[in-house]
Amino acid sequence: MIKFLHLADIHLGMENYGKIDKKTGLHSRMADFLRTFDAACEYAIKNKIDFILFAGDAYKTRDPSPTYQREFAKRIKKLAAAKIFVVLLVGNHDLPNAVGKANTLDIYSALEVENVFVARQPEVIKFGKVDNKWQLLSTINHQPLTIDQFQIAALPWIPKTWLLSPDEYQKKEIHESYKIMSNKLIEKVQNLAKKVDKKLPCVFLGHLTIAGAQFGSEQKAYIGYDVVMPQDVLQKGPWQYVALGHLHKYQVLSQNPPVIYSGSIERVDFGEEKEKKGFVDCELDTNYKNTNLCKYKFIPLPARRFLTISCEIKEDEDPTKKILDQIEDSEIKDAVVKIKIKIPEEKHAELKEKEIQDALALAYYFAGIQKEVVRREREQTFENIESLSILEALEEYWKSKQLNQKRIMELKSYMQKLLEESN
């Protein structure tokens, strides 16, 4: 039996909905991401897990601060010291913006950290168990026939520039270019499948977008931008479990074999308000007579709560009182809270925002009031857009210009690309 944890998208360095501690100089949200990461590490050590399979995106940006690198390294060292083999897959947020630069995880390979392997290229990684300890098979001098073995087919994030040369891109429609890139990505998966030893247990570990998967709120803009892998390509592979990273929503796409996105370990924005956050605990049976080779269960993590308090104000109501009553009936303690109201134009002046803010003193962070002001002629406008994300604000603007939904999604795709490049 091989026990492994599948987790992804830690995104250390995300600094929204918090503030800088004046004494330490550290952002308050860093503690949230480290708390959930710590909980996953403690679970692995307590339950004597063999492998941590990390499916990419350790940091929010490709140039994380030394502080975030230090904190991530502390936890990797702790896992490795507990004789848990950690496989770190390179995600899109881990890649540099130039070919010659190192990725954010390369330091572990350069230092040859024991029990840590960085998967930076498509490859099949093979392990053997000697003296009750898993090791890379390439480091074992002699291999007894009775040795326990395990393999991982790793597919890190492949940038589009690696899939399509400028010559191939020229004079082609966008849909043609994406078709070529998708076929090349499929080819990489098929090449990995050919290298897998069919007699040994195997897990596919990938950072990519699968057709049919559900995107989170901010990630909806990836549609039309990411190269998409057909789901059946992975279902037909010689592996007993498919561990995926990149999409922040935990989801099971298939049961035979299990094709799963573990999701991110901490909430990023209000689009993930209702999503559960955690990782997947897996047991892989090496006995091929057992038809159900891999059993898994989702383990939730103590992610920061996000809460939207929605309120529609009528013309005969006191807007401040109604909102305060809603706050009193809500579990606001230690939550990131946003107030979302629909209010008649003539009642807008009666709104006492200071009282509302004071009523949210127990909240972890007040993300502001999103107002939809209904004018007498029924025209609707939006105010206080500072409580919206960039994409949410742009979407409201495009709606006000009466653009259709298809055009809005296209514009969001281009905007997401610009945001990614700016990071």
Side-chain angles (χ1 to χ4, degrees), residues 14-21 27-33 215-221 248-249 264 266-277 302-400 408 412 415 419:
M14 179 63 70
E15 296 184 348
N16 55 349
Y17 307 112
K19 57 185 179 181
I20 299 294
D21 186 314
H27 197 276
S28 60
R29 281 284 276 159
M30 183 176 81
D32 289 347
F33 288 83
F215 292 71
S217 64
E218 290 294 301
Q219 292 178 311
K220 286 180 181 177
H248 292 184
K249 180 181 177 63
S264 55
E266 178 59 63
R267 293 184 178 90
V268 170
D269 58 29
F270 280 92
E272 299 177 10
E273 177 179 345
K274 300 185 185 303
E275 293 177 7
K276 51 187 178 181
K277 297 298 177 182
R304 175 69 62 187
R305 282 194 309 118
F306 277 58
L307 175 65
T308 299
I309 299 176
S310 299
C311 188
E312 183 171 352
I313 312 297
K314 297 180 180 179
E315 293 182 358
D316 60 346
E317 293 178 320
D318 179 338
T320 303
K321 183 180 184 305
K322 187 166 184 178
I323 295 171
L324 293 177
D325 288 344
Q326 295 253 136
I327 292 174
E328 188 175 352
D329 292 338
S330 303
E331 293 291 335
I332 65 169
K333 184 175 173 55
D334 296 328
V336 177
V337 179
K338 176 173 70 175
I339 306 295
K340 185 177 181 180
I341 62 171
K342 186 174 183 179
I343 184 169
E345 181 181 23
E346 57 270 22
K347 305 295 290 186
H348 185 264
E350 299 178 25
L351 197 61
K352 300 174 182 176
E353 296 191 21
K354 182 62 167 59
E355 290 186 25
I356 295 170
Q357 186 171 349
D358 291 343
L360 292 166
L362 292 179
Y364 171 79
Y365 184 83
F366 176 37
I369 304 176
Q370 179 182 335
K371 305 172 190 174
E372 182 180 351
V373 180
V374 182
R375 306 198 184 281
R376 290 182 179 180
E377 62 273 17
R378 311 313 299 167
E379 177 188 352
Q380 297 181 1
T381 61
F382 291 83
E383 299 185 7
N384 285 25
I385 63 170
E386 64 271 12
S387 65
L388 303 177
S389 69
I390 293 175
L391 287 176
E392 287 173 335
L394 283 172
E395 185 171 6
E396 294 300 337
Y397 171 74
W398 292 325
K399 285 179 180 178
S400 73
I408 289 174
K412 287 181 70 175
M415 189 60 202
L419 291 173

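Note that these values count all heavy atoms, side chains included, but never hydrogens, waters or copies made by symmetry. Note that the structure is predicted; figures quoted are calculated from it, not measured.
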> Within a strict 4.5 Å, meaning less than it, do heavy atoms of the Ile309 and Ile332 side chains meet?
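Side-chain contact under 4.5 Å: yes.
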> Nearest 0.5 Å, please: how far is CD in Glu275 from CZ in Arg267?
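Interatomic distance, Arg267 CZ to Glu275 CD, rounded to 0.5 Å: 8.0 Å.
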> Do His348 and Lys371 make a side-chain contact, defined as non-hydrogen atoms from C-beta onward lying under 4.5 Å apart?
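In short, these two side chains touch, coming nearer than 4.5 Å.
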> Is there a side-chain contact between Lys412 and Leu394 in this structure, where contact means two heavy atoms from C-beta onward sitting under 4.5 Å apart?
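Lys412 vs Leu394: side chains apart.
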> For side-chain contact (heavy atoms from CB on, under 4.5 Å), just list the numbers for Glu331 and Arg305, CA-CA rounded to whole Å, side-chain angles, deciding distance to a tenth of an Å, and then say yes or no.
CA-CA 10 Å; Glu331 293 291 335; Arg305 282 194 309 118; 4.1 Å; yes
> Would you call Val374 and Ile343 a side-chain contact if the rule is heavy atoms closer than 4.5 Å?
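Of all side-chain heavy-atom pairs linking Ile343 with Val374, none is under 4.5 Å.
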> SG of Cys311 to CG of Leu324: how many Å apart, nearest 0.5 Å?
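That separation rounds to 9.5 Å.
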> If you count the non-hydrogen atoms of other residues, nucleotides and ligands that lie under 6.0 Å from NZ in Lys340, is the total more than 12?
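No, not enclosed.
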> Just verifying a value: how many Å separate Ile356 CD1 and Lys354 NZ, rounded to the nearest 0.5 Å?
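Going from the CD1 atom of Ile356 to the NZ atom of Lys354 covers 11.5 Å.
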> side-chain contact (heavy atoms from CB on, under 4.5 Å) between Val336 and Leu307: does it pass, once the steps are laid out?
CA-CA 6 Å; Val336 177; Leu307 175 65; over 6 Å; no
> Can you measure from CE (Met14) to CG (Asp32) and round to the nearest 0.5 angstrom?
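Result: 12.0 Å between the selected atoms.
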> Salt bridge check: are Asp318 and Lys322 linked by an N-O gap of less than 4.0 Å?
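Judged by the 4.0 Å cut-off on N to carboxylate O distance, Asp318 and Lys322 do not form a salt bridge.
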> Tell me the closest heavy-atom pair linking Ile313 and Pro344, and the distance in Å.
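Scanning both residues, the minimum pair turns out to be O-CD, 3.1 Å.
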> Thinking salt bridges, do Glu317 and Lys347 make one under a 4.0 Å N-O criterion?
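No, this pair does not count.
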> For Phe306, which residues count as a ring pair (Phe, Tyr, Trp, His ring centres under 6.0 Å) partner, sequence neighbours excluded?
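Applying ring pair (Phe, Tyr, Trp, His ring centres under 6.0 Å) to Phe306 gives Tyr17, Phe270.
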> Nearest 0.5 angstrom please: Lys342 NZ to Ser310 OG, how far?
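One finds 12.0 Å between NZ of Lys342 and OG of Ser310.
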> Just by distance, no angles: are the side chains of Glu272 and His248 close enough, under 3.5 Å, to form a donor-acceptor pair?
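Present: a donor and an acceptor within the cut-off.
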> Are Phe33 and Glu15 side-chain neighbours, meaning at least one heavy-atom pair lies under 4.5 Å?
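They are not in contact (no side-chain heavy atoms under 4.5 Å apart), so the answer is no.
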